[in-house]
Protein chains: 2
Amino acid sequence: MEKQTITIYDVAREANVSMATVSRVVNGNPNVKPSTRKKVLEVIERLDYRPNAVARGLASKKTTTVGVIVPDVTNLFFASLARGIDDIATMYKYNIILANSDQNDQKEIQVLNTLLAKQVDGIIYMGNKITDELRAEFSRSKTPVVLAGTIDPEQQVGSVNIDYIGATEEVVANMIANGKKNIAFVSASLSNPINGQHRLKGYKNALVNANIAFNEALVFECEPTLQNGELLAEQLLEAGVDAAYVAGDELAIGLLNGIINADVSVPEAFEVTASNNSRITEMARPKLTSIMLPLYDIGAVAMRLLTKIMNKEEIDEKSIILPYKIVNRGTTSPKK
Amino acid sequence: MEKQTITIYDVAREANVSMATVSRVVNGNPNVKPSTRKKVLEVIERLDYRPNAVARGLASKKTTTVGVIVPDVTNLFFASLARGIDDIATMYKYNIILANSDQNDQKEIQVLNTLLAKQVDGIIYMGNKITDELRAEFSRSKTPVVLAGTIDPEQQVGSVNIDYIGATEEVVANMIANGKKNIAFVSASLSNPINGQHRLKGYKNALVNANIAFNEALVFECEPTLQNGELLAEQLLEAGVDAAYVAGDELAIGLLNGIINADVSVPEAFEVTASNNSRITEMARPKLTSIMLPLYDIGAVAMRLLTKIMNKEEIDEKSIILPYKIVNRGTTSPKK
DNA sequence: GTGAAAGCGCTAACAT
DNA sequence: ATGTTAGCGCTTTCAC
């Protein structure tokens, strides 16, 4: 004999009221006489009634869940964003359906569609490049979308980021000020606008300001793994590089370790600056100097923005830029 | 004018068939004449019809989503498990609702309840200790639960783990074989049965086998953060410790760095063995020797087990023990 | 302040 | 192979 699920109807019958009234007390509607409210609450307690969110979702057309598309939770960068998202979501009574996309265009589309099928009230997207197909899907559905730590040059949807150009320019300028001449720009895929447009632009800006000619050969693009960083060290050294801005913390640690393995002293003979200040930058030896992205905040603010859009509140600015800092640690010369 | 949502009814009308037939083709039911299937598919395409998963869930009492309760996604240990879970979930057409519990007993209960309200088909739980209250909630609902990388001494529900006792015993024995005499047991909360019972037991076993007396003062319990690890170094050194088994990779790195900062040579004068082999163990300098937990696999197998339970398939063993390995790296003496 | 009743969009017998 | 018909458990007008 299966345990019978208790429905709103059971509660109504036991409390001698209508379903509507039960619904009202469950939803905190004030239009209920205190005495009836009390009576209903007692029955709910006694029967151990739990509202069914699926039925509620169907009837109200709101699921109080938002979809989060992330390349890979296993990447501390995205995990930190996800954490910020989840905390704010919880605060506003939303739940998160998390979906890994593997940066795979096909899977992204598919994942987006199952999220939409599940009637999520909104979507937060993190990733590289927004393909045209993805952008088309975004605008086809009426479901609000916010990008977190992700840039779409088209700026159709809301987004939360920092000033990547300024930040990169600043750290590269720092290394130049420390006397470095041949600074490499090391990064994951340049097809990601953050890397290929913003960060690279900041890098070039710093060079221009210091009257240093841009050298294409000092731009290194590779999969951002620890091992690739280690392998890259040799190449950089051969190219006469004496400092590197690295987009991707894990890649930065790999590079740093590779440099040290080659018996080059850091930061005296070689400086490294990382880009995200995810927790691993503090695990490195020496600890990595890094741009400090407010990872958690980017996620939190993105979620907050999404709640506003879902509630159709007034939005002053849908492309939010958060402040960043620079954390000088052991891989660059101490500031005077 | 709001865009009208297309329902199964619209498709049925346009295709001159019944809703039931449309439902059949959507669900891949073979009992449909190829020609009608084709016709329906065309209409679906033309109208851009998307099945509503919420309605489907209400009608079928299956949501094809599972809840995942995790202390903190930002912890690489849990993120890796989550990744394994998600991949297998995707493979079986399930989605994941991810909820951070912060190891907070109250929040865990609450999160569990909202997951149940959303009618998830199953739950994967990761955490420390299963409180009695939580266990009660688990058994009260008919929703299947599987523990991933988490031990419940009561063994009421399915779980996936490794042999923590054996693994710990082995690595401690290794350090003893390397000539270390005063080996510390450093760990996060001992109230977590994995730490307080299994790992500590393994540690004691190794001592017994080597005829070394157990010394309570060599057991260190603390919040597993990088900084705490660094701070702990001094204490260990003062206590005359010459090796440490550390439960928690981030804590292990902190300790290692602290030891090195104190100018003690690793592994000659001090050995360290970590417990999880999450990616950060390779970022340490020197790289950390560690027990290699199959993190991804634990998540994947847990999800697979859950699918079986949800499908009411035959389960041979609900407490699964996966194999582990030991990875000898730079923080212990090389094996001969 | 409360109730009646009509859906929400779909699945699942049960017929045919 | 296809259609009919109840629901699934809730919200939401609209009356009263």
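The sequence lines fix the lettering, A, B, ..., with proteins before strands; numbering per chain opens at 1.
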Does the side chain of S319(B) come under 3.5 Å of the side chain of Q155(B) through a donor N or O and an acceptor N or O?
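A pair is found: one side chain offers a donor N or O, the other an acceptor, under 3.5 Å apart.
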Does a donor on one side chain and an acceptor on the other come within less than 3.5 Å for T307(A) and N311(A)?
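No pair is found: no donor N or O on one side chain lies under 3.5 Å from an acceptor on the other.
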Given [N], is OP1 or OP2 found less than 4.0 Å from the side-chain N or O atoms of [X]?
| X | N | value |
| --- | --- | --- |
| K61(A) | dG9(C) | yes |
| N52(B) | dC8(C) | no |
| N31(A) | dT2(C) | no |
| S60(A) | dC8(C) | no |

Whole-Å gap separating [atom2] ([N]) and [atom1] ([X]):
| X | N | atom1 | atom2 | value |
| --- | --- | --- | --- | --- |
| R56(A) | dT11(D) | CZ | P | 5 Å |
| N16(B) | dG3(D) | CG | C1' | 13 Å |
| R13(B) | dG3(D) | CZ | C1' | 17 Å |
| I6(B) | dC8(C) | CD1 | C1' | 15 Å |
| Y9(B) | dC10(C) | OH | P | 13 Å |
| D10(A) | dG9(D) | CG | P | 9 Å |
| M19(B) | dA6(D) | CE | P | 13 Å |
| N29(B) | dC14(C) | CG | P | 16 Å |

Compare the minimum distances between each of [options] and the side chain of [X], then state the nucleotide with the smallest one.
| X | options | answer |
| --- | --- | --- |
| P51(A) | dT2(D), dC10(C), dC10(D) | dC10(D) |
| K33(A) | dT2(C), dT11(C), dA13(C) | dT2(C) |
| T21(B) | dT11(D), dT2(D), dA12(C) | dT2(D) |
| A20(A) | dT11(D), dA4(C), dC10(C) | dA4(C) |
| S18(A) | dC10(C), dT11(D), dA4(C) | dA4(C) |
| S23(B) | dG9(C), dT11(C), dT11(D) | dT11(C) |

Mind checking the [atom1]-[atom2] spacing from [X] to [Y]? Nearest 0.5 Å is all I need.
| X | Y | atom1 | atom2 | value |
| --- | --- | --- | --- | --- |
| I96(A) | D87(A) | CD1 | CG | 10.0 Å |
| R46(B) | E14(B) | CZ | CD | 5.0 Å |
| N29(A) | T21(A) | CG | OG1 | 9.5 Å |
| N100(B) | D86(A) | CG | CG | 4.5 Å |

What residues from residues 111-122 of chain A pass a heavy-atom cutoff of under 4.0 Å to DNA chain C?
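By residue number: none to list.
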Using heavy atoms and a sub-4.0 Å distance, could you list which residues of residues 35-49 of chain A are near DNA chain C? By number, please.
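Listed by number, they are T36(A).
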On DNA chain C, nearest-nucleotide positions of V17(A) versus T7(B): which is more 5'?
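That would be V17(A).
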Side chain to side chain contact (heavy atoms under 4.5 Å, CB included) for Y125(B) and L112(B)? Distances and angles first, verdict last.
CA-CA 9 Å; Y125(B) 174 91; L112(B) 173 62; over 6 Å; no
Can Q103(A) and N192(A) be said to form a side chain to side chain contact (heavy atoms under 4.5 Å, CB included), step by step?
CA-CA 11 Å; Q103(A) 313 260 50; N192(A) 178 340; over 6 Å; no
Can you tell which of T64(B), T65(B), T63(B) makes a side-chain hydrogen bond (donor to acceptor under 3.5 Å, both in side chains) with K118(A)?
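Going through T64(B), T65(B), T63(B) one by one, the side-chain hydrogen bond (donor to acceptor under 3.5 Å, both in side chains) with K118(A) is satisfied by T64(B) alone.
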Give the intermediate values and the outcome of side chain to side chain contact (heavy atoms under 4.5 Å, CB included) for residues I85(A) and M126(A).
CA-CA 11 Å; I85(A) 294 169; M126(A) 305 177 241; 3.5 Å; yes
Tell me which of R24(A) and V32(B) sits closer to the 5' end of DNA chain D, going by the nucleotide each one is nearest to.
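Comparing both residues, the 5'-ward one is V32(B).
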